[in-house]
Amino acid sequence: MNYWLFKTEPSECSIDDFARNPQQPIVWEGVRNYQARNYLRDGVALGDQVLIYHSSCKHLGVAGIVKVVRAAYADPSQFDSRSVYYDAKATVAQPTWVAVDLVYVSKLSHLITLDKIKSSAKMAELPLVQKGSRLSVMPVTAQQWCDLLALQ
DNA sequence: GCCAACGTTGGC
DNA sequence: GCCAACGTTGGC
């Protein structure tokens with residue numbers, strides 16, 4: 001099993017949206033960056049655990065944990081001309097983008113803030129805090145996972 | 001709202 | 001294949 005960190009703007013989808021319906025999978029769609037897509041398509045597997053990071057908001061940080069209940073499949077939003085994620089170049093026969101399905105695991109009792117993550121020497125290699133890193137899907141090692149959760 | 005950093009596009 | 005221009009991300 002592998003570990004990941006996914007970024008999301010909580011106004012779009014937050015850990016509370018998962019917690020509200022803990023059995024209900026949420027379609028993780030709209031990833032439109034090739035490197036992130038490749039992680040999602042080639043790395044993210046059924047059963048993997050994912051840290052949910054809240055970006056572009058007042059309280060930046062890791063807010064909770066979800067897990068993968070369906071591995072990569074064609075992101076339906078790429079075919080939907082009304083969607084902001086629509087991609088005219090993608091076809092059903094040859095989709096460009098993928099989605100996964102996630103369900104709630106837990107909400108952290110205290111947000112692990114970006115400040116805290118940045119000030120932890122053990123987190124120096126985490127892609128999240130590396131200069132210029134803008135990936136919305138990034139791998140987390142087992143060691144980083146343990147160390148990160150120990151910060152809460 | 002600013003801006004650094006990175007990604008994408010398209011002319012050549 | 002280069003690279004300038006533009007678009008996006010995301011913390012500050």
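Basis for what follows: all heavy atoms, side chains included, without hydrogens, waters or symmetry-related copies. Numbered from 1 within each chain, the chains take letters A, B, ... in sequence-line order. Since the model is a prediction, treat every value here as computed from it, not as a measurement.
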Review point. Would one find a side-chain N or O of Lys58(A) under 4.0 angstrom from OP1 or OP2 of dG10(C)?
Key: no
**Study point:** Protein-nucleotide distance (Gln35(A), atom CD; dG7(B), atom P), rounded to Å
**Key:** 7 Å
Study note, to complete from the structure: Lys7(A) has its side chain closest, among dG10(C), dA5(B), dG11(C), to dG10(C)
**Study point:** Rounded interatomic separation in angstrom, taking CZ from Arg134(A) and P from dA4(B)
**Key:** 14 Å
Review point. Between atom CD in Glu12(A) and atom P in dT8(C), what is the gap in whole Å?
Key: 15 Å
Review point. The side chain of Tyr53(A) lies closest to which of these nucleotides: dC6(B), dG11(C), dT9(B)?
Key: dG11(C)
Check your understanding: What do you reckon, are the aromatic ring centroids of Tyr73(A) and Trp97(A) less than 6.0 Å apart?
Key -> no
Practice item. Output yes when Arg82(A) and Asp80(A) qualify as a salt bridge under the 4.0 Å nitrogen-oxygen rule, no when they do not. Key: yes
Review point. Can you tell me how far P of dG7(B) sits from NZ of Lys131(A), to the nearest Å?
Key: 14 Å
Exercise for review: Output the single nucleotide from dT8(C), dT8(B), dC12(C) whose closest atom is nearest the side chain of Tyr34(A).
Suggested key: dT8(B)
Check your understanding: Of the nucleotides dG10(C), dG11(C), dT9(B), which one has an atom closest to the side chain of Leu114(A)?
Key -> dG11(C)
Review point. Met138(A) CE to dT9(C) P: how many Å, rounded?
Key: 14 Å
Point to revise | Pro127(A) backbone acceptor or donor facing Ser133(A) side chain under 3.5 Å | key: yes
Review point. Between Asp75(A) and Gly30(A), is there a donor-acceptor pair closer than 3.5 Å when you use the side chain of the first and the backbone of the second?
Key: yes
Review point. Ile117(A) CD1 to dG11(C) C1': how many Å, rounded?
Key: 13 Å
**Study point:** Under 3.5 Å donor-acceptor pair, Arg32(A) side-chain atoms to dT8(C) base atoms
**Key:** no
Check your understanding: So, does Arg41(A) use its side chain to make a donor-acceptor pair with the main chain of Ala72(A) at under 3.5 Å?
Key -> no
Check your understanding: In whole angstrom, what separates Lys89(A)'s NZ from dG10(B)'s C1'?
Key -> 11 Å
Exercise for review: Please determine, for the side chain of Ser55(A), which listed nucleotide (dA5(B), dC12(C), dG10(C)) has the closest atom?
Suggested key: dG10(C)
Check your understanding: For Leu135(A) and dT8(C), what is the distance between atoms CG and C1' respectively, to the nearest whole Å?
Key -> 13 Å
